[in-house]
2 protein chains.
Amino acid sequence: MSPRPKVGLELTEILEAAAELADQFGMQEVTLANLAKKLGIRPPSLYNHFDGLGGLRKKMAIYGIDRLYEVLAQAAIGVSGDEAMLTISKAYVDFARKHPGVYEATLMAPDMEDEDVQHAGSKVVDLIVRVLQAYRLEGDTAIHAVRGLRSILHGFSSLEQSGGFKMAVDLNESLEIIIKAFTHGMREN
Amino acid sequence: MSPRPKVGLELTEILEAAAELADQFGMQEVTLANLAKKLGIRPPSLYNHFDGLGGLRKKMAIYGIDRLYEVLAQAAIGVSGDEAMLTISKAYVDFARKHPGVYEATLMAPDMEDEDVQHAGSKVVDLIVRVLQAYRLEGDTAIHAVRGLRSILHGFSSLEQSGGFKMAVDLNESLEIIIKAFTHGMREN
DNA sequence: TTGATAAAACTAATATTATTAGTTAAAATA
DNA sequence: TATTTTAACTAATAATATTAGTTTTATCAA
């Protein structure tokens with residue numbers, strides 16, 4: 001009757017192996033063949049843990065978003081306002097730098113509209129909403145601000161990861177200035 | 001001696017077919033098999049035109065960036081300052097909306113550091129640099145500003161495309177407010 | 001006009017993938 | 001102890017990209 005207690009670490013181990021593959025070689029190398037080899041099992045055996053490659057990508061997306069959330073939540077402890085904006089922004093970009101494959105996985109779910117993926121993502125969004133509440137933005141402005149911050153952080157990380165920023169100018173400084181400009185501008189208008 | 005005059009439209013036709021596939025079904029459906037079927041030829045024949053799937057992705061990336069540049073250049077005609085910022089931002093997002101697959105291809109080159117890809121991208125960057133010159137930013141600030149604008153535009157388009165914005169609040173309004181906040185903030189600080 | 005050349009298609013074959021179906025060994029539960 | 005579930009397995013299939021070598025066709029030069 002009771003749904004058989006899970007072995008527990010099994011799926012997590014698989015996801016961690018997949019995350020390692022992703023961070024080392026990129027998501028395009030996260031194949032069932034490579035993952036199975038790393039785990040010492042045969043590719044079909046993986047179907048006992050998730051529903052094929054699409055299922056793996058979905059689970060990796062959620063895993064990645066959850067890990068990103070943890071990092072952001074830690075960064076948001078004990079800070080508020082401009083300081084919080086900067087702190088979580090740095091934490092976000094830092095996460096993408098340290099875990100490029102996991103960050104990449106964050107956006108590679110076969111269906112981003114999927115309920116579970118959305119649920120994981122909403123935790124991150126809610127965190128940003130709470131940080132922005134310090135600015136007491138009126139009406140829809142808070143939503144616009146959340147969208148803006150997410151766009152900046154994702155765009156910045158994504159462009160940095162794909163080598164989009166070529167100039168020899170410090171990237172951390174760029175991020176800081178961009179965030180400060182945005183928050184300042186959102187407060188004014 | 002003279003390198004046989006090209007048929008001319010051949011490669012462009014192929015890229016347009018690939019772009020259609022990408023826009024209709026997404027980049028993951030742009031396979032050599034699907035592309036060949038659409039063109040009425042056999043997959044290996046495509047190797048006469050580019051170097052495998054990687055070569056196609058690279059050519060599609062450049063093709064997409066070039067088309068994006070054209071749209072932005074058109075949008076930048078006869079405007080300057082805040083108006084130009086808003087106009088090209090809208091044009092950028094509009095392009096990503098109308099050509100989701102081509103925009104996706106823009107970031108799917110096997111090696112974004114590739115010289116040809118960089119060259120195509122630098123035209124877009126230069127265009128943004130010119131628009132930002134109206135603000136007479138000092139020193140590295142111009143570079144930070146370019147990075148910020150690109151982050152916003154790419155992040156916004158990317159998140160919108162992958163269904164990242166769930167709230168029922170007008171997306172165009174969001175973009176406008178975000179851009180205005182950012183430009184205003186860059187001028188102040 | 002004819003012959004050489006090069007482009008661009010083709011067939012055939014191979015290596016990797018993901019995937020499905022059905023099977024088996026081991027562990028946990030009742 | 002008997003049963004059930006988990007999680008591995010083998011075998012087989014379909015789709016993919018890719019390589020090698022061949023053939024057709026159009027263009028250019030003589």
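Proteins get letters first, then strands, A, B, ... in listed order; numbering begins at 1 in each.
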request  = When you get a sec, tell me which of D:dT19, C:dT19, D:dC9 is the closest nucleotide to the side chain of B:P44?
outcome  = D:dT19

request  = Answer yes or no: is there an ion pair linking A:E16 with A:K38, defined by an N-O contact shorter than 4.0 Å?
outcome  = no

key: Side chain of B:L32 - closest among D:dT18, D:dT16, C:dA18   = D:dT18

query = Any side-chain N or O of A:H49 less than 4.0 Å from the OP1 or OP2 oxygen of D:dA8?
reply = yes

ask   = Counting only side-chain N and O atoms of B:S45, is one of them less than 4.0 Å from OP1 or OP2 of C:dA8?
value = no

ask   = Can we say A:R147 and B:E160 salt-bridge, meaning some charged N sits less than 4.0 Å from an Asp/Glu carboxylate O?
value = no

ask   = Between B:D82 and B:K180, does at least one N-O distance fall below 4.0 Å, as a salt bridge requires?
value = no

request  = Give the nucleotide from the list D:dT16, D:dA11, C:dA18 with an atom nearest to the side chain of A:T31.
outcome  = C:dA18

query = D:dT19, C:dT19, D:dA8: which one has an atom nearest the side-chain heavy atoms of B:Y47?
reply = D:dT19

request  = Could you state the atom-to-atom distance from CG of B:D51 to P of D:dA20 in whole Å?
outcome  = 12 Å

query = Transitive ILVMFWY cluster of B:I77 at side-chain heavy atoms under 4.5 Å: who else is in it?
reply = none

message = What is the distance, to the nearest angstrom, from the CD1 atom on B:I41 to the P atom on C:dA7?
response = 16 Å

ask   = Under 4.0 Å between a Lys/Arg side-chain N and an Asp/Glu carboxylate O for B:D94 and B:K98?
value = yes

task = Rounded off to whole Å, could you give me the CZ-to-C1' distance for the A:F50 and D:dT6 pair?
result = 15 Å

query = What's the closest nucleotide to the B:A33 side chain, out of D:dA8, D:dT16, C:dA18?
reply = D:dT16

key: Interatomic distance, B:L53 CG vs C:dT16 C1' [rounded to whole Å]   = 14 Å

ask   = Is any side-chain N or O of A:N48 under 3.5 Å from a base N or O of D:dA8, one able to act as donor and the other as acceptor?
value = yes

Of the listed nucleotides D:dC9, D:dT19, C:dA9, the one nearest the side chain of B:E10 = C:dA9

inquiry  = Please determine whether a side-chain nitrogen or oxygen atom of A:R42 lies at a distance below 4.0 Å from atom OP1 or OP2 of D:dA8.
reply    = no

ask   = Rounded to the Å, how far apart are A:K37 NZ and C:dA18 C1'?
value = 15 Å

